[in-house]
Protein chains: 2
Amino acid sequence: MKITEAKAQFINSWGALGSQWGINRTMAQVHALLLVAAKPMSTDDVMAELNISRGNANMNLRELMDWNLVDKVLVSGDRKEYFTAEKDIWKVATAIMYQRKKRELDPMMKVLTQLSNVETSGAADAEEVAAFTKAVKDIKKFTEQADKTMDTIIKAEENWFWSSFLKLFR
Amino acid sequence: MKITEAKAQFINSWGALGSQWGINRTMAQVHALLLVAAKPMSTDDVMAELNISRGNANMNLRELMDWNLVDKVLVSGDRKEYFTAEKDIWKVATAIMYQRKKRELDPMMKVLTQLSNVETSGAADAEEVAAFTKAVKDIKKFTEQADKTMDTIIKAEENWFWSSFLKLFR
DNA sequence: TCAAACTTTCAAAACTTTTTGAAAGTTTAT
DNA sequence: ATAAACTTTCAAAAAGTTTTGAAAGTTTGA
């Protein structure tokens with residue numbers, strides 16, 4: 001397989017994966033492009049490689065910087081901005097976990113906490129309230145554990161994580 | 001807070017969460033509705049609660065059954081089909097993990113394996129090929145570990161999981 | 001200070017996904 | 001066998017998301 005073809009396929013699959021997980025397909029593709037790039041790329045490079053507009057390239061590069069997956073780098077003798085992706089996959093994974101937890105899981109946790117206080121307004125809906133309360137309580141308990149686990153992983157060193165994890169599961 | 005309000009908020013938040021993670025918002029809402037329901041619901045019940053069409057309700061109920069999150073139940077003396085959600089959150093989480101791994105992660109893994117074989121076609125692209133190969137290799141290695149970890153979690157007993165796993169990660 | 005080189009913004013257009021609802025299909029009771 | 005009760009399908013419409021590109025904004029070097 002040739003490098004051009006291989007790159008295209010990687011970008012394509014990474015884009016599809018992102019898209020299936022609620023990430024803008026183009027953002028994932030830009031990320032993929034930078035992940036496998038040998039050196040920093042400019043906005044124009046990204047535009048040319050992915051056949052996208054300047055606005056689109058700019059927007060997604062900035063979004064990737066917000067996620068701490070991409071950094072600006074200065075190339076001396078050039079006025080353009082260049083971009084590189086974080087290549088350490090453990091760091092990539094924990095950055096994504098951190099962001100998604102913060103943006104999407106934490107708000108759900110907050111709602112679950114609020115919902116733990118429902119009044120039983122009379123005998124009429126006792127059963128309904130009981131079912132609701134139990135479900136919310138269970139989901140909250142699970143989410144709290146998952147939350148703690150994720151916090152640990154986010155802070156963990158890669159080697160420590162894999163080695164202690166593997167010890168448990170063998 | 002009143003039960004009706006609380007339910008509505010839970011359904012809303014669960015729907016938003018699903019949506020952010022690439023799951024059809026209505027599918028997540030139907031799931032939420034059934035998760036907190038005191039007893040099985042018919043298609044008409046779901047339609048009425050969520051204000052959605054028959055086609056939409058039917059489609060999402062079937063999809064939830066495909067994910068093994070919802071089951072048909074027979075209510076004697078009624079010709080309609082009724083539906084309940086799996087309420088054990090550990091089972092819910094592992095079912096979701098299993099499905100998403102199978103549908104979305106496994107295909108990526110397959111692509112990564114294929115991409116491990118790229119030719120260095122001359123000295124011109126040596127650097128480019130090296131960067132690509134290293135990135136793909138690293139991602140593949142990480143994904144393999146994550147894969148194994150997920151398989152273990154999916155097969156694990158809830159109690160065993162929380163007791164041994166969380167001793168480490170808290 | 002100026003203007004060239006570059007980045008950002010955002011309204012409108014293009015595209016994608018979801019929803020609707022009526023028609024077709026299936027099951028069940030008599 | 002029939003018809004009522006129900007479920008499924010799917011083409012068209014609606015809603016939601018993404019992309020474009022040109023105008024506005026910013027930075028830099030002479």
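A note on names: the letters A, B, ... follow the listed sequences, proteins ahead of strands, and every chain is numbered from 1.
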request  = Go through the side-chain N and O atoms of B:S42 and B:D45 and say whether any donor and acceptor fall under 3.5 Å apart.
outcome  = yes
task = Taking side-chain hydrogen bond (donor to acceptor under 3.5 Å, both in side chains) as the test, write out the residues that go with A:E158, two or more places apart.
result = A:W162
ask   = Among D:dC6, C:dT7, C:dC6, which nucleotide sits nearest the side chain of A:D78?
value = C:dC6
request  = With B:R100 as the cation and B:W21 as the aromatic partner, state whether NZ or CZ is under 6.0 Å from the six-membered ring centre and within 45° of the axis.
outcome  = no
ask   = Rounding to a whole Å, what distance do you find between A:K72:NZ and C:dC6:C1'?
value = 11 Å
request  = Among Ile, Leu, Val, Met, Phe, Trp and Tyr joined by side-chain contacts under 4.5 Å, find the other residues sharing a cluster with A:V73 and list them by chain and number.
outcome  = A:V75, A:Y82
key: Sequence-distant partners of B:F10, ring-ring contact (aromatic ring centres under 6.0 Å, His included), two or more places apart   = B:W14
query = If you check every side-chain atom of A:N58, which of D:dT7, C:dT9, D:dT20 has the closest atom?
reply = C:dT9
ask   = B:I52 CD1 to D:dT8 P: how many Å, rounded?
value = 14 Å
query = Could you walk me through whether B:K140 and B:E144 pass the salt bridge (Lys or Arg N to Asp or Glu O under 4.0 Å) check?
reply = CA-CA 6 Å; B:K140 185 161 177 273; B:E144 274 163 0; 3.2 Å; yes
query = Could you run down nucleotides 21-30 of chain C 5' to 3' and tag each one B, S or - for protein heavy-atom contact under 4.0 Å?
reply = B-----BB--
query = Got a sec: does the CG of A:D78 have more than 12 other heavy atoms crowding it under 6.0 Å?
reply = yes
ask   = Starting at CD of A:E63 and ending at C1' of C:dT9, how long is that distance when rounded to a whole Å?
value = 15 Å
Nucleotide D:dT26, atom P - distance to CZ of A:R62 in whole Å = 14 Å
inquiry  = Expressed as a whole number of angstroms, how long is the span from B:F83:CZ to D:dC6:C1'?
reply    = 11 Å
ask   = Heavy-atom contacts under 4.0 Å between residues 30-45 of chain A and DNA chain C, which residues?
value = none
query = When you measure from every atom of DNA chain C, which of residues 16-27 of chain B have a heavy atom less than 4.0 Å away?
reply = B:N24, B:T26
request  = Take atom CE of B:M59 and atom P of D:dT8, then tell me their distance rounded to the nearest Å.
outcome  = 13 Å
ask   = What integer distance in Å separates B:L50:CG from C:dT18:C1'?
value = 15 Å
message = Quick check on B:E127: does its CD atom have over 12 non-hydrogen neighbours (other residues, nucleotides or ligands) under 6.0 Å away?
response = no
task = Return the orientation label for the A:F161 and A:W90 ring planes: parallel under 30°, perpendicular over 60°, tilted otherwise.
result = tilted
key: Candidate pair A:E86 and A:N68, rule side-chain contact (heavy atoms from CB on, under 4.5 Å), full reasoning   = CA-CA 8 Å; A:E86 169 61 61; A:N68 279 308; over 6 Å; no
request  = Treating Ile, Leu, Val, Met, Phe, Trp and Tyr as nodes and any side-chain heavy-atom pair under 4.5 angstrom as an edge, say whether B:M47 and B:F83 lie in one connected cluster.
outcome  = no
